[in-house]
Every structure is written in structure tokens, then in C-alpha cells.
Amino acid sequence: MTATAEPEVGRARLRKEDARLITGRTTWTDNVQLTGLLHMAVLRSPMAHARIRGIDVTQAVAMPGVLVVLTGEDLAAEQGSLPCAWPITEDMKAPPAPALAVDQVNFAGEAVAVVIADNAYRAVDALAAIDVDYDELPVVLDMNQALAEDADLVHPDLGTNKSATWVFDSADAGSGGDVEQAIADAEVVLERTFRQQRLIPAFMEPRSVVCDPSNDMFTVTSATQIPHILRWMLSAVLGIAEHKIRVIAPDVGGGFGGKLQVTPEEVLCVLAARRMGRPVKWTESRTESMLCAHHGRDQIQKITLSARRDGTVTGLKVELLADMGAYLRLVTPGIPILGAFMYNAIYKFPSYRFVCTNVFTNKVPTDAYRGAGRPEATFAIERMMDELAAELGVDPMKLRQQNWIKHEEFPFTTVAGLTYDSGNYEAATARALELFGYDALRAEQAERRASKDPVQLGIGISTYTEMCGLAPSRILGALRYAAGGWEHASIRMLPTGKVEVITGTSPHGQGHETVWSQIVADRLGVPFEDVEVLHGDTASSHKGMDSYGSRSLAVGGTALVRAADKVLAKARTLAAHMMECDEGDVDFTAGQFSVRGTGTSRALGDVVLAAHVAHDLPDGMEPGMDADATFDPDNFSYPHGTHLCAAEVDTQTGQVKIRSYVAVDDVGTVVNPLIVDGQVHGGIAQGIAQALFEEAVHDEDGTLTTATLADYLVPSAADLPSFTTARTATPATSNPLGVKGVGEAGTIASTPAVVNGIIDAVRHLGVSDIEMPCTPERVWRAVRGSSDGGSTAPEAAGGLGSIDAQGGQS
Amino acid sequence: MIPAEFDYQCPSSVDEAIRMLADAGEDAKVLAGGQSLIPVLRMRLAAPSVLIDLSALTELTGVRDDGDSLLIGAMTTHYEVQRDHLVHEHARLLFAATNTVADPQVRHRGTFGGSLAHADPAGDLLAPVLALDAVMIIAGPNGRREVPAAEFFVDYFTTALAPDELLLDVRVPKCSGWGAHYEKLNRVAQAWSIVAVAAAVQVSGGAITQARVGLTNMGSTPVRARAVEDALVGQPATPEAINAAAERAAEGTSVGDDYKENLARVLCGRALTSAVTA
């Protein structure tokens, strides 16, 4: 065992997992092949709201290769109800959520029957032979209409379309003043309404599940972000003893929150495998994924901001409507609540009130999507700061500087009750302004305005912070979330000196294998290559809370450090025993224990071997050198940054071109700069996508008309500028690594930066808002002052158009 | 995504392909580069009983010099069209439009003839072919016939091809020395054009002597902007003349969409401006 020459933490290592991921020569769930494997295909409702009068499967079961066709009625006694782990209020209304609809469908794409066949083609072929008799019900799509007194109801049994109302008020909480008073006393009051359009997570690998019922065990392999939670929930939903379920999340190709779910198809695969006594696989098509996997965002935000004429903000009131879709999935109701603590952002608001109303509609459920509640909050406040600057006629950056928390004021307890541990908004902003060439761009903007250039230039600012590193378990409990937020790690020291690391986090593209290896290599003084990271199998990684909310490094990485420290502590005792000295005289550097002031030393590997063979251990010491640690954070982590976007708006066509984009992020200590850059680049792209390109659109019948990638426009590198990224580093004080989380930062920051840039380019033409996505047509109509600029109709993308929901599985 | 079951046939000559088409009846589909057909099959928006794959018909690939025109084989890929020196020299408008088709992967698989026979009015090659007065050379059980582009495009996804006919070649009259440009507005690189304008002009002694303008996605077929062409011929190649002519770009179209009509005018002005300086 040799020591590493330079520190691993901070090194831009290429990712050790990439070769297998990029070539696809790995265990993607759909690559799993088992003897006797059967295939499942799912028939989906073409109706958004209907009673099921009957389902005739006679023809389908007679088709070649078909073993069985199951309906909701067949499974009613055993399928349970899909879990919702976040009942946000005591009186929250939640409908039963069957995996397979029994007598009513509530969104287009809901599963109504499954075919189990001997190959995937025959399973899909048989779907067309199933005859479902529907009785159409009125469709509820618009949240405001859903809350009207005489509204049609998604779930008549609930008596309302309102699921819950959740309130935070700083006056009640004692964290600030009364916002109504602040508004009444204000010199300036601004009120704006923003729409967070519905988005589709669009992970690269479609969802896939295999359930193998052999060996007296249900082994469920799934393209999921949450193997541990899934195991627990499958047990709860189906009444199968938890120790008889093993969940494997093999290599998983992206999630963005879209695989933070317990899906109907996972439940159905287990039920089908149990019934058939043979393994069953289901893999979705892209259209099926877009139609049925949960969506994100979909909120209407009414924001009232009060301020003094000198620019000092005095109050912020947020009134949200959040579209749940037809059911409450795993954390559906809590997503907008994750934003509740972030609307005040980096600013010193003295009073704050947040009210969120969760609403049922006949659409696919919403749930976690990259940032989950925090991008929406950041968008609203950053748009409002630009609106206030315009109202007061001051520079929008100066207005922000006037109101933000100064670096010397940390730790700072906000009006929402969070304590930001560290940050330096001045430093990140100064760096961003310098890289961007702010003053020169402002000068060019003035020139273009003066010359009435058809292409106008705008500068978009977004400063942000976020609460991530989810999460202190006590806070989750106080928010009525059903689980904890701790994380676990184990280190197994093998007799040859190699190291196995087991993590409870579940990477799906982030690069944990590389980063965890870097941390352990530094901590234990072993070569990077000598570390193997195991994850995503409940049989080897028995404990964990999985990956989401930019938590893996801040929480799971800390557990790893603690486990490594335990290994070293035990090794130090044994080394002292081996070298016949006092433990206090033992130093450890670069993988070597040595007796201070002598030439005597032992390599960690020798100590590990001694522990393994156990021939001569101190009295009472157990053999082996393995260690476990579980870490529950005291606080969230709060990355922050300043993003600047120069947007060119072609006033003749409405097309927006991003000319330059600068992101300066402070994510605390950086373990691997290459991976952080990758996260920032991807995050910015995803946030720009919300600003300019993506929207899940339903027609008046509730059919999703953007159910292919020809209609739902995910941008590629060809549509985006080259980003300029840089960092400042203010280490977190809440964890020993000083890390803050970076998975969601880019997405949170970039959407308002782009929209602020567009508005800034055309504000002098009388435009103060454009609904997202800012399509060429919407921008053109806004510039022309046309009243229909906020149309929510999908534009001609030239795509494939409306997809028959029933055909979505092919 | 899993298509419905179909039979697959791979003819080794045009005659054999025609026979197979005749035998298969109306339920057959011809597979060229597959860039439109394969997604449609996978989503089961079509379920043909027979797929006739033309990939072995090498006689349908390549660009040939045929005196006053070029003959472009229907199975020539977009990538091959882009790289062909005859196209560069004599059909610059086609080169310009082909450069904007989707992305490099699609251009390596997709074919010139396949795109025309698919007849999506948002496709980028239809308007240039129409503007250039190209002629389609078609083979069927009763021999060969020639159909001008203006008659070939009938409606959305509908051409003059009978179910038992094949598009073999496209005859493109040479426009040597003309300026040309294809101006396109789409939302992301792989998306179809919202509107695009194909413009080719011949300028002599500072005056426009001939002009051809075609519009993409301004109707159920590609549209020829005759009013613009007529307004340009004989005019000096100046911004004023070009802008005045471009104002007429939406004349005769019937999309009933003020945004697209605006785009036709704006993009037409830009296409012509680039074309006269190209």
C-alpha cells in the first residue's frame, strides 16, 4: 500500500464509473436477463376522467404468448394504495391511489390493465385487444376553476379539489413581523403573478423494473433513486415482510427527482411476479415515461412585496396554488413546502407570510423535480427584485446588494426561521460582474436602445441560495415528513489492504464512486484505485436514505468521513499495540503509523491484516477493522451564487439568444472540480430549458400533447451558449468536509437569470412579464403589446402532436 | 418503443422493388433512411404489413451532372448532398437548406428522396426543391414518369406518388452563379422549422434578373412566394427593393396565423439579403 502523492480532495479526477456508463456495458435494469423472464406491458387510459364500466380481456388473453391479463378488479384485494410519505397537515385530503385503476381513472395515462406475456413484443401487441368501456366524467384541469364553488370534482368522495392549505407566518413563528402591517405601512407595494409551468423530468434512461420471486425472496431491480425507501414502502403497500424484499438500484441513468418515487409499475411487477411465480420485467417507452412518470413544478405564484422608496424591502407575502395532479405520490404535497423557506432568499426581509393551497386536477401527479420548490421560490423573488428595481429606477444589482445578508452577518437566522451558516454574496457577485463585463454590456444595451436595433440586449441577474443537504431528521419530523434525513456509510478494510466503501446514498449519474474514493483515499492514505464503492443494493447496503435534494455528499460524505475516522481510531490502538508504545505517541500520515521520535512505523495495511488474522490483538479488541457511521445533520447546507445572463431578443421574430452566461457558485469545499462543473453546466441547461423551451401541455380533454421529444423540447448543446463558470469557496460549518451540495444549484439560479434578461431587453418597449417558456411567439406578441401574449397554448413545434394515451406504451 | 409486427423485404434492383410494392398492395411502406418512418412505426402511428427497404439500391445514390440539370438520387443522404461539389456549384440553395436539417446523426442517415416523399411541409428540403422548379422522376409498374415539384406535393404528408410507385431521382435545374440562402426559425436544433424561407437570386450588373422564393411550413405543402419573385425581377439588389418585395411574402398563403405571416416576411427579407451578398 503506497500513499497518495497529492491530496485527492480538490483534484479534477476523471470519473471511474464513466467507461461502463457511457458504453452501456453495465447493469442498466433493462439489461437484466433471467431464466423464465416474463414481460409486462401496461394499458393506459386515454381519458383524463372516466368511470370504468367494464374491461373485456377475452381476446387479449387468447393472443399468442399471453399468459395473463390483469385488471384493477383482479388486484383490488392485494395492490394496496401507493404511499404518500408527506402528509403536510393534519387535515390533508388524500384519495386512495391504486397502482391499477379499479373503477375510475383520474388522469390520461393512468394504468388500467397489464398484460403478462412471454416476450415484450407480444405483451404490447395484446394491449390493443383489451376492450375498456368508459363513462366520461367532466375534466378538471385549471387550478383556479378547480377551487371555484361549483367546480367539478376530481375525487367526489373528498368533497373538494383542495387537498391542503399550509401556512407559515413570521409573526406567528416569532421569526419576524406581521406582513399585512408591513404592506399597509409600505411606501411601495408590488404585486405580481407568475406561472411555473408543468415540466417533465426527462431523465435519459427510461424507467424499468424487474421482479424475481425466486429463492423465497422478492428481488426487485429498479431504475430508481431510492432503493431503501422503495423496499420499506413496497413492504408497507403490499404487506410483504420487509426482510423478504431485496431492492437493487443498479446503474441508473439520471433521475432529477423523477425517480424519487414508488411507482405503480414497481408494485405491479411485484404482484405479477408473485402471481406467476416467475420473474417479470417492465421497461417503459419514452412516450410512456412522459405521459405517466411524475411531472414537476406547475404552480401559480401570487407575490406581494413591500419596500421603502430607498429600496429597503419590508415585507413579502406569497400565495401559491400548487397542482398535485390526480393523486398524492411519495412527496407530492411537500414539494411546494420545500420552497416555503426560500422565498426570502438571501435578503433581509423583516416580515414574511407563505400560504400554499394544494389542488387536485385530472393530470399526472407532480412530485420532485430538480430543485423541488426552491427553483420556483428563487424565480419569484429574483423576478420581484428586478421589478422593484424597475419601479424605483435603480440598478437591479445595487438593489440586491442593499438588501442581502452581508458576509460578516453570518451565521444569520432568516425571517423563515433557517440559520444560514456561512456565505459571501459580495465575493461571488464581484467575481461574476468581472467575468461578465457588466459595465460594457450595459453600455451596449444603451446603444442598441438608442439606435432601435431590431435585436435588443438584456442583462439578467439571479442571486440565489438554497437549503439542501436534506435533512436534519428533527426538522423533517416537525414538517410531518414520514422519514428521517440521516445517512449511513460503512468501510470494510479487506485483508489485502484494499477498501470497500458501502454508502446508503444511491447515485444515478452523479459520480459518487469517484468522489467517495477520493475522500477515503485522503482520509486513510490509500491509493484512489484501491477503493471500491458499493451502493444501491439493500442486501449489501442495508441502511440508507438514498439520493435527492443535493444531500449525498453533505450528509452521506460526512457519514463516510466518520466511518473512516472510526477505522483510524481502532487502527491507531492496534498499531500502538503492535509497536509496543503508548497510543498517544502514534502519528498517522500518508497511510503510515509511526512512533513519534523513532524510526518505527507500520503501514495501515499491515495493521489491517493484523486485525484480520487476530493473532495478537489487545485484550477486548474485536477482530477486523471495519466501521460504520450514521450521520444526522444539525442543519441544512446553503450553497449560493450569482448568475448573469446576456440575452439578445430579436424583436422581429421573438427569438431569444443567450449570448453569454456567467455562473459563480459557492458550494463550499469542492472535492472534484470536474464533477462540480458538470453539475453546474447540466443544471444551468435544465434551468434555461424551463425559461425558454420546455412545457408539458394538455389539451382541453386532459390529453398530454407534448408526449414525445419532438414536441417536448429538451435543448441540446447546440441550443446553448458556452457557459463561463467560476467559484468562490466559503466552507460550510455544518459538516467536517465544508461541502454544501451542488446538484440543484444551476437549475435554481438560471431560470430567473434568463427571464430577467429577456424582460430587461424589452422593458423599454412596455413589457414587464412574459410567461414561461418564453417562446419566440410569446416574446413577439409581448413586444407587440398584444393581450394574448400569455397564451398557454402549445406552439407549433412541428412535432408529432397529440399522442393517443393508449398507444403510449408501444 | 416496440413496433407492430411487419414483414421485411430488401430488393436488389428498382424493378424488383416495384414488383414487391405491387405485390404488397396499399399496406406496404418504403423504408429509405428511416428518420421519419421508424419513429412512426415505434409509436404505432402506422402499422404497415410490409416494409420494403431500399438501402441496397445503390443506383439511387449520388449526384450526377446531366447537362442543364443535376440528377440527385433519391437515396442520397443529406450528408452526401452537403458534401457534393456539383450541389455547391449549381444548386447552392439546396446545399444551404440541407445544412440546416436536424443534426449530424440525422443527416448521415436521412435521405433526400425520403424527405421529399414523406412530404412534411415543415421539412426543410421541400421549399428549395419547389423554388428551383425541380422535377421528380418516378418509377411504377407502367414505367417511368416525370412530375414537376409544383404538382408533386399534394397535401400534408401526401404526394403524387401512387402506392406502387417509387421516387428514383430528382432533376434540379442548374442555377450556377446564383446567390442563395435558407433562413430558418426553429426553437431547438432538432425541432422542425416554425417557418423558413428558401431564396435564390441571380444578380447581374447590380440588378436582380431572376428570383426564386419558397416557403417552409406556411401551408399544407411548400409554397412558392410568386409575389415576392415578381416584385424582385428587374429591381436593383438594394435593401429597399428587397424589403419591399419581402413584405409580400405571406401573400397567397392561408395559415391564418399573424405570427407565422410575420415570420415569412421577416425571414424572407433576411434570406434575400443574404442571398444577394452570397
Side-chain angles (χ1 to χ4, degrees), chain A residues 39 41 64 119-125 127-128 206 283-289 454 650-656 689 692-694 707-720 773 775-778 780-781 784 786 788 795-801 803-804 806-810, chain B residues 1-6 35-36 38-47 100-106 120-124 156-157 183-197 216-219 243 246 255-270 273:
Chain A
H39 296 263
N119 76 43
Y121 288 81
R122 288 168 148 183
V124 174
D125 286 347
L127 294 177
T283 300
E284 70 184 351
S285 71
R286 178 59 62 183
T287 288
E288 203 170 12
S289 185
D650 185 333
T651 57
Q652 294 179 333
T653 63
Q655 193 152 52
V656 174
L692 295 181
F693 302 117
E694 297 183 9
T708 75
L709 289 174
D711 301 281
Y712 186 85
L713 298 182
V714 178
S716 68
D719 308 301
L720 299 165
T775 65
E777 181 168 355
R778 282 187 184 146
W780 181 76
R781 291 196 187 283
R784 280 176 21 120
S786 148
D788 53 353
E795 288 200 4
L800 296 164
I803 287 294
D804 173 3
Q806 229 168 339
Q809 62 284 332
S810 52
Chain B
M1 300 216 194
I2 296 177
E5 192 171 340
F6 55 81
Q35 298 306 290
S36 302
I38 298 292
V40 160
L41 291 179
R42 286 161 66 110
M43 282 186 274
R44 300 199 175 200
L45 297 175
T100 75
V101 171
D103 54 43
Q105 289 92 328
V106 170
D120 182 342
D124 288 307
Y156 290 105
F157 305 103
E183 184 76 19
K184 164 174 175 173
L185 189 107
N186 60 355
R187 290 188 51 202
V188 296
Q190 82 274 14
W192 280 261
S193 296
I194 299 173
V195 172
V197 178
T216 297
N217 210 18
M218 284 295 290
N243 290 334
V255 289
D257 178 332
D258 58 342
Y259 176 61
K260 289 178 75 171
E261 288 170 359
N262 166 71
L263 283 184
R265 289 187 289 266
V266 170
L267 301 181
C268 185
R270 293 179 185 180
T273 303

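To find a chain, count down the sequence lines: A is the first, B the second, and so on, and within it residues start at 1. Quick caveat, the model's predicted, so the values are computed rather than measured.
- Between the side chains of B:R270 and A:Q652, at least one donor-acceptor pair of N or O atoms lies under 3.5 Å.
- For A:P773, the part sitting under 4.5 Å from any heavy atom of chain B is the side chain, from C-beta outward, and nothing else.
- In this structure, CG on B:L185 lies 8.0 Å from CG on A:D650, to the nearest 0.5 angstrom.
- Nearest heavy-atom pair across B:Q190 and A:L709 is NE2-O, 4.2 Å.
- B:V188 and A:P715 get closest at one heavy-atom pair: CG1-CA, 4.2 Å.
- In terms of heavy-atom proximity, A:L692 sits nearest to B:R187 at O-NH2, 3.2 Å.
- Using a 4.5 Å cut-off between heavy atoms, A:V656 does not touch chain B at all.
- Atom CD of B:E183 is separated from atom OG1 of A:T653 by 9.0 Å, given to the nearest 0.5 angstrom.
- Considering all non-hydrogen atoms of both residues, A:A710 and B:W192 come closest at CB-CZ3, 3.6 Å.
- In terms of heavy atoms, A:Y121 sits closest to B:P3 at CD2-O, 4.1 Å.
- Once rounded to the nearest 0.5 Å, the distance linking CD of A:E777 with CG of B:D258 reads 7.5 Å.
- Minimum interatomic distance between B:A191 and A:L713 (heavy atoms only, all atoms of both residues): CB-CD2, 4.2 Å.
- Remark: A:T283 OG1 to B:I2 CD1 distance equals 8.5 Å, nearest 0.5 Å.
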